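Step one of this worksheet: look at the structure below.
On a predicted model such as this, the values are computed, not experimentally measured, just so you know.
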Amino acid sequence: MKIDAYTRNKLIFVLIIIQPIIDLLTSFTSQFPISIGAFFRAFTMMVLFISLFVIFYRTDKKLLFFLSAAFLGIGISFFLNVFTKPNFIWFSEFNFYLKASYFIVIVFATIYVIQKKSLYKHDLYKATTIASFIVGLSYWLAIITNTSMDSYRYYTSGHSGWFFSANELSVIILILFGILSINLMYNKQLSSWIAYLLLLSMIPMIGTKTAFLGGLILISMLIIYHLWRLKLQIWKDIHASALFVILILFFCLIPYTPMGTNTQPGYGLPEDQLEIDTTEEKATSTKTALFFHKVLSSRDIFFVEIKADYMEANTFRKLFGLGYAGDYQKEPKLVEMDFFDLFFSFGVVASSFILLPIIILGKQLLLSFALTVEHLFLFVIIGLSLGIAFLAGHVLFAPSVISYLAIPLLLLGVDEYDYTETSKLHNSCL
């Protein structure tokens, strides 16, 4: 079946808008055997995989080979661990392999859509604005009604609204906030301002380091852009002046938010970790260790444990991975640093097959790069997301996050921002 450009654009438009709805339904049905989000994204992955396989078989044998190789690596890793892993929790392991498969399908789908060059940025920015409204309004409704979930179980403060994972929500907010920052440069309609303010107000309320630090980087870039554009004379532009007043108010209110509480010295650490040795040398060493321990949120401990499992594994498992969370004895726990989790879970060979489409996509985006403010912002958004994937995880193996990350990737692959363009589409077909 052939899909024309108009239908393709509308499908992507709808998929972007329903992402926050799926995330909310996932949270509300998390106690079910299979949540609505897990079912929907598994179904989406299956449809996309079949479609891509057929399309690549007909039009691009090279991409078909890379798609097949990636899934072959995942399949070998899965069956190898079924028969050789000391403890194998079927539900957890299968769920993890499904998430890795979803990541691969989204990457290949992004490669294909960029190749077609039939998207309109106006539609992508409009869909992102609508999705941001849903995220922001539902978040504040949860806080106002006192039904918001806490971002952390212990010690630190923060709210994740009705969203199940504060870590995933943090990355989603960064992606949407960065895109809205670009949109606000060109489209100064009231809807753009409200969507931007909703997400801006969420950044210090979630309470996570990723949302706050990433948000500060994006805010700093926007400030620098306006100062450079107006040659420091911000009073000559009413929109820039309003933005600076809002940002000053934002920074003044941070001490009264969960992020302000979490950044207080000693806050967020158990009492036994605050008992520091009195000698100067030991005190400095202990403080440094506690600093990195807090920044990495105990990920260093899980890294050492899974690395030991990998070093003790046989050759085949070193080539195709240890599966989900290494050779766990009781409760499985990932490092939550995505690239390390990718390597330890899939080994040298399988992880190489999985990374190949990322290299193809990266080359594709570099060829379309132009030295513009918009492209610079989009690259920073992607860079921040990959940096979070490396340090804090919850990106590559989080279907909700990788779905949103596809948006700036698609934006980089189409023409430069033009808000005046119409939605009239070319009748290009597969």
Quick one: salt bridge (charged side-chain N to carboxylate O under 4.0 Å, His left out) pairs with a partner in [range], sequence neighbours left out?
{"range": "residues 21-40", "answer": "D23-R41"}
{"range": "residues 229-257", "answer": "R229-D237"}
{"range": "residues 192-202", "answer": "none"}

Would you find a donor on one side and an acceptor on the other, under 3.5 Å apart, between the side chain of [X] and the backbone of [Y]?
{"X": "Y328", "Y": "I89", "value": "yes"}
{"X": "N187", "Y": "N183", "value": "no"}
{"X": "S148", "Y": "G161", "value": "yes"}
{"X": "S77", "Y": "G73", "value": "no"}
{"X": "D150", "Y": "Y152", "value": "no"}
{"X": "H375", "Y": "A370", "value": "yes"}
{"X": "D341", "Y": "E336", "value": "yes"}
{"X": "R299", "Y": "A392", "value": "yes"}
{"X": "D309", "Y": "G326", "value": "no"}

Can you find a side-chain donor-acceptor pair between [X] and [Y] that sits under 3.5 Å?
{"X": "S201", "Y": "Y139", "value": "no"}
{"X": "S35", "Y": "T29", "value": "no"}
{"X": "W162", "Y": "T147", "value": "yes"}

Quick one: does [X]'s side chain get under 4.5 Å of [Y]'s, heavy atoms only?
{"X": "V107", "Y": "I354", "answer": "no"}
{"X": "L386", "Y": "V395", "answer": "no"}
{"X": "F163", "Y": "E168", "answer": "no"}
{"X": "Y102", "Y": "L48", "answer": "no"}
{"X": "M259", "Y": "S157", "answer": "no"}
{"X": "F49", "Y": "M46", "answer": "no"}
{"X": "L119", "Y": "L410", "answer": "yes"}
{"X": "S345", "Y": "F96", "answer": "yes"}

If you take all heavy atoms of [X] and [Y], which pair is closest and at what distance?
{"X": "A389", "Y": "L396", "answer": "CB-CG, 4.4 Å"}
{"X": "L199", "Y": "F177", "answer": "CD1-N, 3.7 Å"}
{"X": "F377", "Y": "G178", "answer": "CD2-O, 4.4 Å"}
{"X": "I306", "Y": "L322", "answer": "O-CD1, 4.1 Å"}
{"X": "V135", "Y": "M202", "answer": "CG1-CE, 4.0 Å"}

Does atom [atom1] of [X] have more than 12 heavy-atom neighbours, drawn from other residues, nucleotides or ligands, at distances under 6.0 Å?
{"X": "F379", "atom1": "CZ", "value": "yes"}
{"X": "Q233", "atom1": "CD", "value": "yes"}
{"X": "I34", "atom1": "CD1", "value": "no"}
{"X": "F53", "atom1": "CZ", "value": "no"}
{"X": "K188", "atom1": "NZ", "value": "yes"}

(request) Could you walk me through whether V380 and M221 pass the side-chain contact (heavy atoms from CB on, under 4.5 Å) test, one step at a time? (result) CA-CA 10 Å; V380 169; M221 288 182 62; 3.6 Å; yes
(message) Whether K121 and E374 form a salt bridge (side-chain N of Lys/Arg under 4.0 Å from carboxylate O of Asp/Glu) is what I want to check.
(response) yes
(message) Against Y97, only a single residue in W90, F346, F397 fulfils ring pair (Phe, Tyr, Trp, His ring centres under 6.0 Å); can you say which?
(response) F346
(message) Using the rule side chain to side chain contact (heavy atoms under 4.5 Å, CB included), only one of T110, I175, I172 pairs with L405; which is it?
(response) I175
Rounded to the nearest 0.5 Å, how far apart are [atom1] of [X] and [atom2] of [Y]?
{"X": "L124", "Y": "L411", "atom1": "CG", "atom2": "CG", "value": "5.0 Å"}
{"X": "I382", "Y": "L409", "atom1": "CD1", "atom2": "CG", "value": "4.5 Å"}
{"X": "L334", "Y": "L342", "atom1": "CG", "atom2": "CG", "value": "11.0 Å"}
{"X": "T26", "Y": "I21", "atom1": "OG1", "atom2": "CD1", "value": "11.5 Å"}

(message) Quick check on the 6.0 Å ring-centre criterion: do F340 and F390 meet it?
(response) yes
Students often mix this up, so state it plainly: with edges at 30° and 60°, are the rings of [X] and [Y] parallel, tilted or perpendicular?
{"X": "F94", "Y": "F78", "value": "perpendicular"}
{"X": "Y196", "Y": "W193", "value": "perpendicular"}
{"X": "F344", "Y": "F303", "value": "tilted"}

For residues 355-369, which side-chain donor-acceptor pairs fall under 3.5 Å, sequence neighbours excluded?
from: Q364; atom 1: NE2; to: I111; atom 2: O; distance (Å): 3.3
from: S368; atom 1: OG; to: L365; atom 2: O; distance (Å): 2.9
from: S368; atom 1: OG; to: L412; atom 2: O; distance (Å): 3.1

Give the table of side-chain donor-acceptor pairs shorter than 3.5 Å for residues 246-255, with sequence neighbours excluded, one pair per line with atom names and distance.
none

(request) If a pair satisfies ring pair (Phe, Tyr, Trp, His ring centres under 6.0 Å) and one of its residues is in residues 199-228, list it, with sequence neighbours excluded. (result)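 Found none.
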(message) Set out, in order, the CA-CA distance, both residues' side-chain angles and the distance that settles side-chain contact (heavy atoms from CB on, under 4.5 Å) for F164 and L169, then state yes or no.
(response) CA-CA 8 Å; F164 186 73; L169 177 63; over 6 Å; no
